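From a predicted model like this one, the values you see are computed outputs, not experimental measurements. Computation of the quantities below employed the complete heavy-atom set of this structure, encompassing side-chain atoms and omitting hydrogens, waters and symmetry-equivalent molecules. Numbered from 1 within each chain, the chains take letters A, B, ... in sequence-line order.
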There are 2 protein chains.
Amino acid sequence: MRHRLKDVAERAGVSVKTVSNVVNGYQHVRADTRARVEEAIAELHYRPNLSARNLRKGRTGVIALAVPELDIPYFAELARHVVTAAAEHGWTVLIDQTGGGSEQERKAASGIGDHMIDGLILSPLALTADDLAALDGLPMVLLGERVDHGPADHVMVDNVAAAREITAHLVGLGRRRIAAIGSQRTPEGASARLRLAGYAAALAEAGIAYDDRLVAPAPAWHRADGAAAMRHLLTSGVRPDAVFCFNDTLALGALRALHEAGLRVPEDVAVAGFDDIEDGRFSIPTLSTVAPDKERIARLAVELLAGRLGPDREAPPRELVAPHRLALRESA
Amino acid sequence: MRHRLKDVAERAGVSVKTVSNVVNGYQHVRADTRARVEEAIAELHYRPNLSARNLRKGRTGVIALAVPELDIPYFAELARHVVTAAAEHGWTVLIDQTGGGSEQERKAASGIGDHMIDGLILSPLALTADDLAALDGLPMVLLGERVDHGPADHVMVDNVAAAREITAHLVGLGRRRIAAIGSQRTPEGASARLRLAGYAAALAEAGIAYDDRLVAPAPAWHRADGAAAMRHLLTSGVRPDAVFCFNDTLALGALRALHEAGLRVPEDVAVAGFDDIEDGRFSIPTLSTVAPDKERIARLAVELLAGRLGPDREAPPRELVAPHRLALRESA
DNA sequence: AGCGTTGCTTACAACGTTGTAGAAACCAGG
DNA sequence: CCTGGTTTCTACAACGTTGTAAGCAACGCT
């Protein structure tokens, strides 16, 4: 049913290696031989066995992308860009869901592939420097916050600056009681810490006192968490006139909670998010947010990985910052 | 750097095959031998080379999931469930984006794997029966509409019934000028045709005349298309008092357009969708929709595939229908 | 003691491919 | 028609793994 080089070779009356040469476009093959082989290939519907090729070559042509959750729109959108960018390098992308657990992430990084993949683009939540050091073997590019002094390449946005800018925008609207939603105490919360720092910096610059009661934690960054946090803020007696949510899904949840409380956005409370996901362009009201250049992030990550697999094999870890901008819409 | 069975064998003072037996949990290995081998494995950080194993076994442990677009929430949510279900069978999932083009889909089905994958779960938009017949080799499960008389297993929801139910619900609310958004004339629009049929059936049952002007086409099923279609309906002079959108993203776009037009949902216009994506639970207003059991769909698909790869290798094509229910919320 | 049985281990070949090295065919120039 | 240099093709080995079959102890039974 499934044919091998050998079958094609017999049919074309040449050696196995000659067929291999035709398949791989090797140049020294006479035109008529090539034609005969190609005919045989077509007739038998021959397709190379990638496992065998990989075994022989030590390369698989597959890279993995490991993200915490696929149905968080930010990661889905990012995944699309990574797939596109990787395709330009002739790679297939194996998309992996880590669930954000350090165990899962370690497994993704060390386990997935074991010779099944050439490299890994990992968006870590829980991974520590120790975990990374233990991996070593696999060429890897990390997305998001720096795992301090990890040995891997890195693509990130300037979270602190971005958070500062969007908070400053809220200040510029005349808001003074600006809440933040999404803080996290856990070690996984690297992004949360940086965005909180940016938020605090903007307040400080504006001479607004940092008020602990205005900072709402969120165990995860889903819509439900945003809604819950917002409800908590509203019932706790601190009446914010603006909220900076650490990502867009939190913000969409917050919008929902404000709506249920009968408050108008942005008149009563301005809302800002982070990520610029598709939903935010159609929500009611549309969402003002930080727009990281996801396409660029994906492209940079793929390119770093390409470097690691090629000429820059032994280069020192590099760290690239992708640009971001503010996408100001109705909510703030 | 990377070690092989042979290295472990030498270190443990046993044969290569014995190490292989330990790795694969073969039973006839003396406890002390096993211990020695395991120690050697640990010391060398040995990990099997999957390419070699696959070559030998003819199985890769990877299945592919090919969907049109990853950042359509429905597919992202589905992907998550598939990954979860596949993990229970010990499979890794290679997620592929076809973009909905028939060329791409054919490539996904025939090309991706070529011995890289054991099977394929494909959500086809454009694939014809001919395309499928040409593939043959790869065990495959299709999601969504039947490609007529294709030879592959199939998991679907009863689109006609579901569409009829949700439309009947709109009728039950007392609406009479019920629009539909999302019709498609192209061959890709199999889902669109079925949902339109369900819509028409519900109208007929209620004795409401089918009005062509109330049926708005949508080239794709994105939020922007839904918004555009809704705007078109509103400006064309046919004032609907309800809209059934053929998926949730269309519906979210429609909500947005209605909001911009100053119309209230559901008071002025009731809105219903299809898919039950996460967004719809937090939109303003929350979205009434058809909720296909995505978790079940994923599980059935994986199980069918498992069957094809195992005992039911030669079974005739099966067709399973996953249940759905109405998720009635604020918008209708 | 001889026999079969059971438990443990091993050598060998094979999976389908490609790199290496070299053989065969071809070509031009004398 | 030989020489030397290409071009074109081929045999062989290897990538790392596992299935097969067979070897070797040690055991219990007659």
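Nearest approach of B:A86 to B:V93, heavy atoms of both residues: CB-CG2, 3.4 Å.
Taken to the nearest 0.5 Å, the CG atom of B:N54 stands 7.5 Å off from the CG atom of B:D118. Rounding to the nearest 0.5 angstrom, the gap separating the OG1 atom in A:T18 from the CZ atom in A:R36 is 9.5 Å. We find the OG-CG distance between A:S123 and A:D96 to be 12.0 Å, quoted to the nearest 0.5 Å.
Atom OH of B:Y26 is separated from atom P of C:dT10 by 13 Å (rounded to the nearest Å). In this structure, the CD atom of B:Q27 is 9 Å from the P atom of C:dG7, given to the nearest Å.
For B:E39, there are no salt bridge (charged side-chain N to carboxylate O under 4.0 Å, His left out) partners, not counting sequence neighbours.
The side-chain heavy atoms of A:D153 and A:L305, taken from C-beta on, include no pair separated by under 4.5 Å.
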| query | What is the per-nucleotide protein-contact pattern of nucleotides 17-26 of chain D, from the 5' end, where B denotes a base atom under 4.0 Å from a protein heavy atom, S denotes such proximity for sugar-phosphate atoms only, and - denotes neither? | reply | BBBB------
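A sub-4.0 Å separation between OP1 or OP2 of D:dT10 and a side-chain N or O of A:T18 is present. The side chain of A:S15 contributes no N or O atom lying less than 4.0 Å from OP1 or OP2 of D:dC9.
Shown for residues 28-36 of chain A: residues whose heavy atoms fall under 4.0 angstrom of DNA chain D, namely A:H28, A:V29, A:R30, A:T33.
Residues B:E278 and A:H222 bring no donor and acceptor atom of their side chains to less than 3.5 Å of each other.
Aromatic ring orientation, B:Y26 versus B:H28: perpendicular (interplanar angle above 60°, classes split at 30° and 60°).
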